[in-house]
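First the structure, in the form of structure tokens, and then the observations on it.
Just so it is clear, the structure is predicted and the values come from calculations on it, not from any experiment. If you read the sequence from its start, that first residue is 1, and numbering goes on from there.
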Amino acid sequence: MIKLEKLPYPLLIIAHAIAALLVVVLPFTIQILFYAMVGYFAWRIFSARDKGNEALLACCYLATFEVFLRMTNALFFYEMIKYLVILFMLVGIAFRGFSIRSIPYVIYLLLLVPSIIVASQNIPLGESLRTAVAFNLSGPVTLGVVAIYAYQRKVPFKQLNDILKFGIGPIVMLTVYLFLVTPDIRDAVTNTASNFATSGGYGPNQVATALGLGMFFCFARFLLIKNLTSNLIDIVLFLGMTFRGWVTFSRGGVFTAALMIVAFIGVLIFFRRRSFRLSFVPKITILAIGLAIAWGFTSLATQGLIDKRYANQDAAGRAKADLSTGRETLISVELEAFINHPIVGIGAGQVKYYRAREDGIVAASHNETSRLLSEHGSIGILSLMVLIFTPLLYRLSNRNNIYFYAFLIFWLATINHSAMRIAAPAVFYGFALLHVTYPSRALKKTIQNKWQRKYNLLPQT
């Protein structure tokens with residue numbers, strides 16, 4: 001079977017760019033592509049059975065594909081990607097097992113049960129308990145299942161990079177699609193609020209989150225890969241995704257990408273050789289110049305409104321009182337619910353009904369942390385402790401995963417500005433738990449010598 005993640009990088013990017021063009025011209029092709037990929041991943045997982053990490057590949061690709069699929073109405077139902085991730089991970093666990101040391105995540109899943117029982121007692125008349133609970137717990141359950149599969153699972157570094165490379169493809173589709181279908185920026189941007197028009201008509205928060213993830217992937221590849229063609233592609237993609245992320249006027253995804261990049265640079269500087277660290281300087285300088293030019297272009301295209309957005313000003317240049325754009329009010333209501341129900345909370349999916357009773361406004365939470373407190377009470381605090389301290393303790397004994405802090409930051413930052421509306425935070429939290437392996441020095445030398453002999457680069461003896 002053809003392993004798509006092994007395709008040359010330029011071909012992979014071109015194929016996804018062409019797919020985006022097809023979706024613009026023939027919208028129904030997105031459904032064909034999506035279900036074809038689901039079938040492809042299912043075949044890979046079932047044919048590999050107890051070999052390889054096909055489930056990781058499938059879930060990475062689906063997680064980066066989700067926002068574009070929602071934007072183009074390709075999904076059979078809204079939460080479909082989360083359920084597919086759960087399904088593929090469960091199949092992976094059935095075929096390949098899981099580490100007994102992942103028990104903390106089994107406990108985490110069990111800690112979600114009391115909130116369902118409480119919700120069944122508090123659900124308003126006329127509302128569906130199944131719908132309310134499924135919508136609010138699909139993200140946490142996805143995280144738990146992914147974590148059980150991924151915890152301490154050995155993955156070769158090259159294979160992990162191939163998986164992440166493949167995950168860039170759907171974000172390329174999203175980026176190209178946005179350039180093709182969104183109106184002229186000057187006409188679309190009239191204030192400093194998050195902009196649906198420049199986000200392809202879909203939620204700017206989720207679009208910016210996906211683009212921010214793509215920014216990080218391209219940045220990491222640009223630093224790690226020593227290939228001129230790949231480097232040029234990654235620079236172009238990084239700047240294109242950054243521009244599209246900026247003009248959504250949703251800052252959460254962009255700030256998250258910046259934090260991931262800083263963490264990744266920190267890990268490389270701390271753990272790599274001095275010569276390797278010095279080689280970063282020219283590349284980072286090039287990207288810094290590119291970002292400065294891109295910001296200037298974005299400022300001109302938005303008539304200076306992007307500058308005001310990131311300075312927390314309105315279109316008239318007045319400072320906004322609420323940096324969180326309304327999230328602070330939601331969080332205060334959720335903390336109030338926690339104070340009033342500190343033991344087991346108000347029940348899964350109940351915070352929006354709680355707010356409706358308090359001030360007459362029905363609004364879903366943007367913050368998974370405060371939602372855990374309000375809906376799960378003290379049990380939610382215990383759940384958060386499991387999620388935060390389990391990977392940190394694991395990191396003390398295994399520091400091979402250079403993406404660890406970046407992915408942990410992605411999860412923590414994303415759930416605090418966009419809750420767990422998409423599967424990506426759950427999936428890449430799991431990627432932080434992987435046990436990344438590298439070839440031994442002897443094996444690396446053998447591979448190098450075989451390659452040199454093949455191309456007659458060693459002197460004949």
Side-chain angles (χ1 to χ4, degrees), residues 4-5 7 9 12-13 15-17 19-20 23 30 33-38 40-41 44 53-72 74-75 79-86 88-89 139 142-143 146 150 159-178 199-200 202-203 205-221 233-234 237-238 240-242 244-245 248 252-254 256-257 260-261 403 406-407 409-411 413-414 418 420-432 434:
L4 295 180
E5 72 276 16
L7 289 175
Y9 190 51
L12 182 70
I13 299 305
H16 282 88
V23 173
I30 186 62
L33 175 61
F34 168 57
Y35 289 107
M37 291 305 297
V38 171
Y40 169 77
F41 289 132
R44 287 275 300 265
N53 288 291
E54 315 302 314
L56 287 176
L57 176 72
C59 294
C60 175
Y61 192 86
L62 291 175
T64 58
F65 206 0
E66 183 175 19
V67 172
F68 186 55
L69 292 169
R70 287 182 176 181
M71 179 187 295
T72 52
L75 298 175
E79 297 286 285
M80 186 175 181
I81 295 300
K82 292 177 185 175
Y83 286 97
L84 283 173
V85 168
I86 293 172
F88 285 151
M89 283 294 168
T142 302
L143 187 150
V146 173
Q159 185 182 68
L160 177 59
N161 281 333
D162 284 341
I163 291 172
L164 298 180
K165 177 188 76 173
F166 194 43
I168 295 175
I171 308 176
V172 171
M173 290 180 64
L174 171 64
T175 306
V176 172
Y177 184 83
L178 289 173
S199 303
Y202 190 65
N205 195 311
Q206 294 182 33
V207 173
T209 298
L211 292 170
L213 194 56
M215 289 163 58
F216 171 72
F217 285 166
C218 293
F219 179 88
R221 281 185 51 83
I233 292 172
D234 285 321
L237 291 178
F238 176 79
M241 292 172 185
T242 301
R244 294 310 317 189
T248 64
V254 177
T256 299
M260 294 173 73
I261 287 169
Y403 298 106
F407 285 146
I409 285 171
F410 174 73
W411 163 73
T414 300
S418 188
M420 295 192 72
R421 296 178 178 180
I422 58 177
V427 169
F428 292 106
Y429 176 93
F431 273 58
L434 295 171

Quiz prompt | Any residue meeting side chain to side chain contact (heavy atoms under 4.5 Å, CB included) with Val176, in chain and number order, not counting sequence neighbours | solution = Ala17, Ala20, Val172, Leu180

Self-check item: Residues that Phe41 engages under ring-ring contact (aromatic ring centres under 6.0 Å, His included), provided they are two or more places apart
Solution: Tyr61

Quiz item: Arg70: what forms a salt bridge (charged side-chain N to carboxylate O under 4.0 Å, His left out) with it, not counting sequence neighbours?
Solution: Glu66, Glu79

Self-check item: Among Thr72, Ile30, Ile13, the one residue meeting side-chain contact (heavy atoms from CB on, under 4.5 Å) with Met173
Solution: Ile30

Quiz item: Mind checking what makes side chain to side chain contact (heavy atoms under 4.5 Å, CB included) contact with Thr64, not counting sequence neighbours?
Solution: Pro170, Ile171, Leu213, Phe217, Phe428

Self-check item: side-chain hydrogen bond (donor to acceptor under 3.5 Å, both in side chains) contacts touching residues 207-221 (sequence neighbours left out)
Solution: Arg221-Asp234

Quiz item: Ala413: what forms a side chain to side chain contact (heavy atoms under 4.5 Å, CB included) with it, not counting sequence neighbours?
Solution: Thr256

Practice problem: Could you note down all residue pairs passing salt bridge (charged side-chain N to carboxylate O under 4.0 Å, His left out) where residues 162-173 supplies at least one of them, sequence neighbours left out? | Solution: Lys6-Asp162, Lys158-Asp162

Quiz item: Taking only residues two or more places apart in sequence, or in another chain, which ones meet Tyr35 in a ring-ring contact (aromatic ring centres under 6.0 Å, His included)?
Solution: none

Quiz item: Got a sec, which residues hit side chain to side chain contact (heavy atoms under 4.5 Å, CB included) with Ile86, two or more places apart in sequence or on another chain?
Solution: Leu90, Val141, Thr142, Val145

Self-check item: Shortest non-hydrogen contact from Ala423 toward Ile81
Solution: CB-CG2, 4.2 Å

Practice problem: Would you please name every residue forming a ring-ring contact (aromatic ring centres under 6.0 Å, His included) with Tyr177, sequence neighbours left out? | Solution: Phe68

